[in-house]
Amino acid sequence: MRLRVRGGFEIVPVPPFDFRLTVRKPAGWDLFTSGESFADATLWTGLRQERRPIGLKLRSLGTVERPRVLVNVYAARNLAEVDEQRLRKTVSVCLGADQDLKEFYDFALKDEILRHVVKSLYGMHDTQAASLFNSVILAICLQMARLKRSNDMMEAINRRYGETIEFDGKKVMLQPDAGRIAKLDPKSFAKECNLGYRGKYIVSAAKMIESGFPAIDEIMRMPPDVAKEKLVELPGIGDYAADIINPHAGFPIDAWSVDVFGLLFFGKEPENKREAIEKVKQEGIRRWGKWSWMAFFYVAQDLQNLSRRLGVKLRLQ
DNA sequence: GCGTCCAGGTCTACC
DNA sequence: GGTAGACCTGGACGC
């Protein structure tokens with residue numbers, strides 16, 4: 001689908017704000033979709049607004065201490081004023097533009113582990129997904145699979161049911177919306193995309209989302225424990241997956257991160273990962289309290305630097 | 001080449 | 001309420 005420029009707006013994030021680190025994270029986490037591209041302080045990406053594909057070109061015009069982000073909006077037809085206002089708010093929230101990192105940095109600089117990562121990744125804001133369903137797909141595909149297979153499953157879903165938008169000379173793949181997946185036969189879907197048992201969870205979750213489950217922004221506005229309680233109502237979403245979808249509420253320790261944080265906290269990787277997950281999670285929350293997620297996020301993005309600084313060999317993702 | 005293990009968890013039947 | 005076992009698939013590993 002070809003999109004034309006339909007408007008634009010400027011976002012002024014709270015400094016420090018490093019555009020590159022925020023939209024193109026060192027560990028490779030995408031902002032909105034795996035199909036986005038980045039060059040010359042510019043990100044071409046896309047999302048859906050009320051099912052409608054929207055192309056976005058985000059350009060950094062400022063500096064880390066005086067940040068400005070110019071957003072060009074591309075769509076098939078003109079946007080109403082109210083839609084552009086809503087889009088502006090969505091992009092601003094997803095970029096974490098209003099996040100003030102000062103309090104976290106003050107806390108982190110007194111911590112033996114975190115002081116290294118906040119210096120290395122100064123100005124990296126925590127971003128948020130634009131779609132609950134896309135986060136659900138990610139959280140379910142991460143389960144019981146190595147990272148390569150998780151990526152293969154998500155790519156298969158995008159290839160078969162996603163949508164490519166073209167704008168500003170770029171092509172961006174958008175992930176499918178819940179409405180499309182909700183209509184599928186779970187067994188066929190699982191077979192087509194090599195999802196195994198996950199296929200039925202994704203289709204059932206899509207049906208729940210289609211029938212009025214709270215949207216991502218509503219979830220984010222809920223108190224963390226209420227949001228988590230709500231999220232685990234979705235099929236295939238348990239404790240870990242809920243923390244992936246709404247990370248502000250938790251410390252998403254899994255079979256990979258249990259090695260990393262086990263080594264950081266206790267000086268060695270646990271012998272029995274499954275048994276150690278709860279212990280490591282509790283230790284993270286005890287040490288870092290309300291900053292647990294930010295600590296997890298910064299550490300996960302800075303493993304190479306942290307390995308060097310602390311003289312330990314942290315397993316990269 | 002073949003068999004086994006287990007991976008960025010969750011659900012459910014059973015006690 | 002707690003817990004063992006099942007669940008898809010495929011790469012890694014030992015033999």
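Convention: sequence-line order gives letters A, B, ...; per-chain numbering from 1. In this text the structure is predicted, and so the values were computed from the model without any measurement.
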Practice item. Only one of Trp293(A), Phe297(A), Tyr298(A), Tyr122(A) passes ring-ring contact (aromatic ring centres under 6.0 Å, His included) with Phe104(A); say which it is. Key: Tyr298(A)

**Study point:** Shortest non-hydrogen contact between Tyr105(A) and Pro16(A), atoms and distance
**Key:** CE2-CG, 4.2 Å

Check your understanding: Rounded to the Å, how far apart are Arg198(A) CZ and dG8(B) C1'?
Key -> 11 Å

Study note, to complete from the structure: Readout for nucleotides 9-15 of chain B: B = base within 4.0 Å of protein heavy atom, S = sugar-phosphate only, - = neither; 5' to 3' it is BSS----

Check your understanding: What residue among Leu43(A), Thr45(A), Leu31(A), Leu58(A) forms side chain to side chain contact (heavy atoms under 4.5 Å, CB included) with Phe38(A)?
Key -> Leu43(A)

Exercise for review: Compare every heavy atom of Pro26(A) with every heavy atom of Leu121(A), then report the nearest pair and how far apart it is.
Suggested key: CD2-CG, 3.9 Å

Practice item. Apply ring pair (Phe, Tyr, Trp, His ring centres under 6.0 Å) to Phe265(A) and list each qualifying residue two or more places apart in sequence or on a separate chain. Key: Phe261(A), Trp288(A)

Exercise for review: Indicate the atoms forming the closest heavy-atom contact of Ile54(A) with Ile165(A), along with that distance.
Suggested key: O-CD1, 3.8 Å

Point to revise | Parallel, tilted or perpendicular: ring planes of Tyr74(A) versus Phe167(A), cut at 30 and 60 degrees | key: tilted

**Study point:** Residues forming a ring pair (Phe, Tyr, Trp, His ring centres under 6.0 Å) with Tyr240(A), sequence neighbours excluded
**Key:** none

Review point. For DNA chain C, which nucleotides open and close the run of contacts to chain A, 5' to 3', at under 4.0 angstrom from a non-hydrogen atom?
Key: dC7(C) to dG11(C)

Check your understanding: What dot-bracket string describes DNA chain C from 5' to 3', counting Watson-Crick and G-U wobble pairs whose defining distances are under 3.5 Å, with [ ] for crossing pairs and | for pairs to another strand?
Key -> |||||||.|||||||

Point to revise | ILVMFWY cluster, Leu70(A) and Phe32(A) together (side-chain gap under 4.5 Å) | key: no

Point to revise | Within residues 183-204 of chain A or reaching into it, pairs that qualify as salt bridge (Lys or Arg N to Asp or Glu O under 4.0 Å) - sequence neighbours excluded | key: Arg160(A)-Glu192(A)

Check your understanding: If two hydrophobic side chains count as joined below 4.5 Å and joins carry through other members, does Val232(A) share a cluster with Phe251(A)?
Key -> no

Enumerate all atom pairs, one protein N or O and one N or O from nucleotides 3-5 of chain B, separated by less than 3.5 Å.
none

Review point. Roughly, in whole Å, what's the span from CZ in Arg315(A) to C1' in dG8(B)?
Key: 9 Å

Check your understanding: Tell me, which pairs form a salt bridge (Lys or Arg N to Asp or Glu O under 4.0 Å) where one or both residues lie in residues 8-33 of chain A, sequence neighbours left out?
Key -> Glu10(A)-Arg68(A)

Point to revise | Within residues 149-161 of chain A: residues closer than 4.0 Å to DNA chain C (heavy atoms) | key: Arg149(A)

Check your understanding: Roughly how far apart, to the nearest Å, are dA4(C) and dG8(B) at atom C1'?
Key -> 22 Å

Study note, to complete from the structure: Those residues at least two apart in sequence (or on a different chain) that pass ring pair (Phe, Tyr, Trp, His ring centres under 6.0 Å) with Phe19(A) are none

Exercise for review: Can you sort out the partners of Phe266(A) under ring pair (Phe, Tyr, Trp, His ring centres under 6.0 Å), two or more places apart, ordered by chain and number?
Suggested key: none

Point to revise | Euclidean distance for P, dC8(C) against dC2(B) (whole angstrom) | key: 25 Å

Practice item. Could you tell me whether Lys191(A) contacts a base, only the sugar-phosphate backbone, or nothing, with contacts defined as non-hydrogen atoms closer than 4.0 Å? Key: nothing

Review point. If you look only at pairs with a residue in residues 283-294 of chain A, which of them pass as a salt bridge (Lys or Arg N to Asp or Glu O under 4.0 Å), with sequence neighbours excluded?
Key: Glu103(A)-Lys290(A), Glu283(A)-Arg286(A), Glu283(A)-Arg287(A)

